[in-house]
Peer 1: 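Please see the structure below; I have some questions.
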Protein chains: 2
Amino acid sequence: MVTIGDVARAAGVSRSTASYALSGKRAISAEVRQRVNDAVLRLGYTPNAGARALATSQTMVIGLLAQFLEDEFAPAMLEYMLGVSDTARELGYDTLLVTDSDGAKALRRITDSRMVDGLVLLNVAQDDVRLPVLRAAPQPGALVGLPGDCSGLDVFDLDFEEAGRMMVDHMHRLGHRELILVSQPEHVVQRGGAYVWRLQDAALQQARLRGVTLHAVYGESRQPAVGRSMNALLDAYPSATGLLLNNEAAAAALPTVLHDRGLTVPHDLSVIGRYSDEFARVFSLPYSSIESAPDRLGRMAVRQLVRRIESEAGRAEPYVVRFVAPELVDRQSTAAPRT
Amino acid sequence: MVTIGDVARAAGVSRSTASYALSGKRAISAEVRQRVNDAVLRLGYTPNAGARALATSQTMVIGLLAQFLEDEFAPAMLEYMLGVSDTARELGYDTLLVTDSDGAKALRRITDSRMVDGLVLLNVAQDDVRLPVLRAAPQPGALVGLPGDCSGLDVFDLDFEEAGRMMVDHMHRLGHRELILVSQPEHVVQRGGAYVWRLQDAALQQARLRGVTLHAVYGESRQPAVGRSMNALLDAYPSATGLLLNNEAAAAALPTVLHDRGLTVPHDLSVIGRYSDEFARVFSLPYSSIESAPDRLGRMAVRQLVRRIESEAGRAEPYVVRFVAPELVDRQSTAAPRT
DNA sequence: GACAATCGTCGAACCGGTTCGCAGATCTGA
DNA sequence: TCAGATCTGCGAACCGGTTCGACGATTGTC
């Protein structure tokens, strides 16, 4: 293994001089700098990450805590992960992926041992057990997902309230007066998936405001149960003319269900979902949807995190809670209700 | 930050004694060991990962190189990643996730800086540019996916040849005499996705052997192209009675296509895919399939990698190339052809 | 009872970087 | 011409662990 000592010797200077020549933190004559750089190339020198971390107490690694929970839709999580990883790399950081089922314990391990300079938490719940650990850690943290208590942390999430209102308003404008909203399974809500009722409550309120009937139900999380329950739902509310989906599994199952019932979209039924464009492509879903922008959220979280890591001023800045405004991607799956 | 020096002082011993008490690498009196352990708990001591890495030249981190290529099915990759990450954690290692588009460069960065003790490469191509870098690295590496040259590396993959033969034989036994095989897009093959032609060639050969007509075609990678091409295919070979799918996007698109054509499985058409059980669940695919076992492959790769990392003997052991035997998961989507 | 082996602990060196203080050489201006 | 400022480079200390060699105290053996 080639060390900075080897480089220094090859260049005929001291270790400290070699270090300064490479970091540029002190003035070094052009000639010496050249000799050092030559030696680096000739010997193929790369600084040892552990040694550098020890000396600078900076690892240039951020921790990514992803949790794959029962009833959660795993492929959706991947998009957040890639957003985080790619953005981190652009900013010079590597990503330590943590998928332990016991997130709090894993988080403590990572932070206490100083393996990372900062943390991004995905899939944050209303009362997330990881948050106390994160607040107590010396490293800054950024969340994707809105918890009940945001203090001491930067938080990024889709504006689910606005998403709920948009769905209802869009349908109302087209003339719909009776809608069904399929949310994630109740299990997810009980576990603290706050985004579910954030969207649902806002949708219900907006429906009242507009004089629209809204049947809000919890869906299932996987086949074949989700298909059956969608069928039951359409049977239960035969006069509903619009379907709102805040449930990936339900969206994925819908094409088959509608086909079986001989219904076409938007002629017989108008549909709006809430998922990413990438998701729509992969699952070939032909429904208009509120873009959930996982890549953007991951990117925003990392950007803010790195700002906080790198500037001593950043540490003191007030914490932000930032909502991404929902956008409706029109895939022609809504129209005026059949008279 | 609390260091081992703080622990030693609190326990009234030297730093080295504290270290030995914790590692157990030398005999320490029960009483001193107790005092040290108490101090650790009281102060909340956790070893600094960077310092330990520097001293032991072991980071307890493995690198996971995943590449998300155009036309590749991202959700499938996630299963491999989780298999690797979870297994690594069980064995005491953390996972550094690398998703750089320039895999070779990223690999060099990770290995040269000694950030990881070993590497797992996913999605390995026939002539993968990352392999020369990996072979030159001081850390051992394990591959998921079979390259042209396996020297100096441990390799794990599904036995795609056997998978191709199984598909054909299964259909042949049921009485089918004309089949269609839909592979990944040609683009994937040209990029070095060897598994595509490994399965295809074996299937073609077995078909010849059994006297079965096999139409082998490259599919598309995404909607709506893949749906259209599947339709065109069924038009082109109207007398084919069985469909073999080595293409996730095609499998995901098939239910809608068949529904539109009014075909039911297995009455009008027999279908076998090649994807994981998890994939089948998420996409609610009702077709029998060759289980591609991504979690198992990830697990095997990490196990072997850690063995090589941890035993000096392991380093010298002969390298292995291990194929997972394909298993057919019966989902009742095949039957005798309609007469 | 003398001597060797074993046990338990300590001090010091080392891993490979970074950074602070210092000093010799060169430059500046009065 | 000389004091003071500037420019370059060096040596040493430090980051927080691990590990080797040494040494006094205890135990075992003949």
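Note that the structure is predicted; figures quoted are calculated from it, not measured. Sequence lines set the chain letters: A, B, ... in the order given, protein chains first and strands last, and positions in each chain run from 1.
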Peer 1: Under 3.5 Å between N/O atoms: give me all the protein pairs with nucleotides 13-17 of chain C, atom names plus distance.
Peer 2:
residue: C/dG17; atom: OP1; partner: A/Asn48; partner atom: N; Å: 3.4
residue: C/dG17; atom: OP2; partner: A/Ile4; partner atom: N; Å: 2.5
residue: C/dG17; atom: O5'; partner: A/Tyr45; partner atom: OH; Å: 2.9
residue: C/dG17; atom: N7; partner: A/Arg15; partner atom: NH1; Å: 2.7
residue: C/dG17; atom: O6; partner: A/Arg15; partner atom: NH2; Å: 2.8

Peer 1: Exactly one of B/Val98, B/Leu64, B/Leu134, B/Val155 should register a side-chain contact (heavy atoms from CB on, under 4.5 Å) with B/Leu121. Which one does?
Peer 2: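 Only one of B/Val98, B/Leu64, B/Leu134, B/Val155 forms a side-chain contact (heavy atoms from CB on, under 4.5 Å) with B/Leu121, namely B/Leu134.
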Peer 1: Out of A/Arg303, A/Arg308, A/Arg307, which residue meets the salt bridge (charged side-chain N to carboxylate O under 4.0 Å, His left out) rule with A/Asp154?
Peer 2: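 Only match with A/Asp154 under salt bridge (charged side-chain N to carboxylate O under 4.0 Å, His left out): A/Arg308.
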Peer 1: Tell me which residues in residues 23-39 of chain B put a heavy atom below 4.0 Å from DNA chain C, sorted by number, or none.
Peer 2: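 B/Arg26, B/Ala27, B/Ile28, B/Ser29, B/Val32 - these, ordered by number, are the residues of the stretch whose heavy atoms sit under 4.0 Å from the strand.
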Peer 1: Closer than 3.5 angstrom, by distance alone: can the side chain of A/Gln139 be matched with the main-chain N or O of A/Thr111 as a donor-acceptor pair?
Peer 2: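 Between the backbone of A/Thr111 and the side chain of A/Gln139 there is a qualifying donor-acceptor contact (under 3.5 Å).
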Peer 1: Listed by chain and number, what are the ring-ring contact (aromatic ring centres under 6.0 Å, His included) partners of B/Tyr45, not counting sequence neighbours?
Peer 2: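 So B/Tyr45 forms no ring-ring contact (aromatic ring centres under 6.0 Å, His included) with any residue.
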Peer 1: Which is it for B/Asp6 and B/Arg9 under the salt bridge (charged side-chain N to carboxylate O under 4.0 Å, His left out) test, yes or no, and what are the steps along the way?
Peer 2: CA-CA 5 Å; B/Asp6 300 330; B/Arg9 196 168 328 110; 3.6 Å; yes
Peer 1: Quantified as the angle between the terminal helix axes (five pairs each), what is the overall bend of the helix from C/dG1-D/dC30 to C/dA30-D/dT1 to 10 degrees?
Peer 2: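 Axis-to-axis angle, ends of the helix: 40°.
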Peer 1: Report yes if the side chains of B/Phe156 and B/Val124 come closer than 4.5 Å at any heavy-atom pair, otherwise no.
Peer 2: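 No; the side chains remain at least 4.5 Å from each other.
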Peer 1: Within a 6.0 Å radius of atom CZ on B/Arg108, are there more than 12 heavy atoms belonging to other residues, nucleotides or ligands?
Peer 2: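 Atom CZ in B/Arg108 is not packed in, count stays at 12 or less.
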Peer 1: Is there any side-chain hydrogen bond (donor to acceptor under 3.5 Å, both in side chains) pair reaching into residues 48-61 of chain B, and which pairs are they, with sequence neighbours excluded?
Peer 2: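 Non-adjacent pairs meeting side-chain hydrogen bond (donor to acceptor under 3.5 Å, both in side chains): B/Thr59-B/Asp117.
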Peer 1: Can you find a donor-acceptor pair, distance only, under 3.5 Å between A/Ser16 side chain and D/dG11 base?
Peer 2: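 For A/Ser16, whose side chain was compared with the base of D/dG11, there is a donor-acceptor pair (under 3.5 Å).
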Peer 1: Looking at B/Asp102, I'd like to know if its CG atom is crowded, meaning that more than 12 non-hydrogen atoms belonging to other residues, nucleotides or ligands lie closer than 6.0 Å.
Peer 2: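 Above 12, so yes.
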Peer 1: May I ask you to verify whether the side chain of B/Tyr20 and the base of D/dC20 hold a donor-acceptor pair under 3.5 Å?
Peer 2: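 Yes.
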Peer 1: So, OP1 or OP2 of C/dC10: does either fall under 4.0 Å of a side-chain N or O from B/Thr17?
Peer 2: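 It does, given that an N or O in the side chain of B/Thr17 lies less than 4.0 Å from OP1 or OP2 of C/dC10.
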Peer 1: Tell me the salt bridge (charged side-chain N to carboxylate O under 4.0 Å, His left out) pairs involving residues 35-51 of chain A, sequence neighbours left out?
Peer 2: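 Of all non-adjacent pairs touching residues 35-51 of chain A, those that pass salt bridge (charged side-chain N to carboxylate O under 4.0 Å, His left out) are A/Glu31-A/Arg35.
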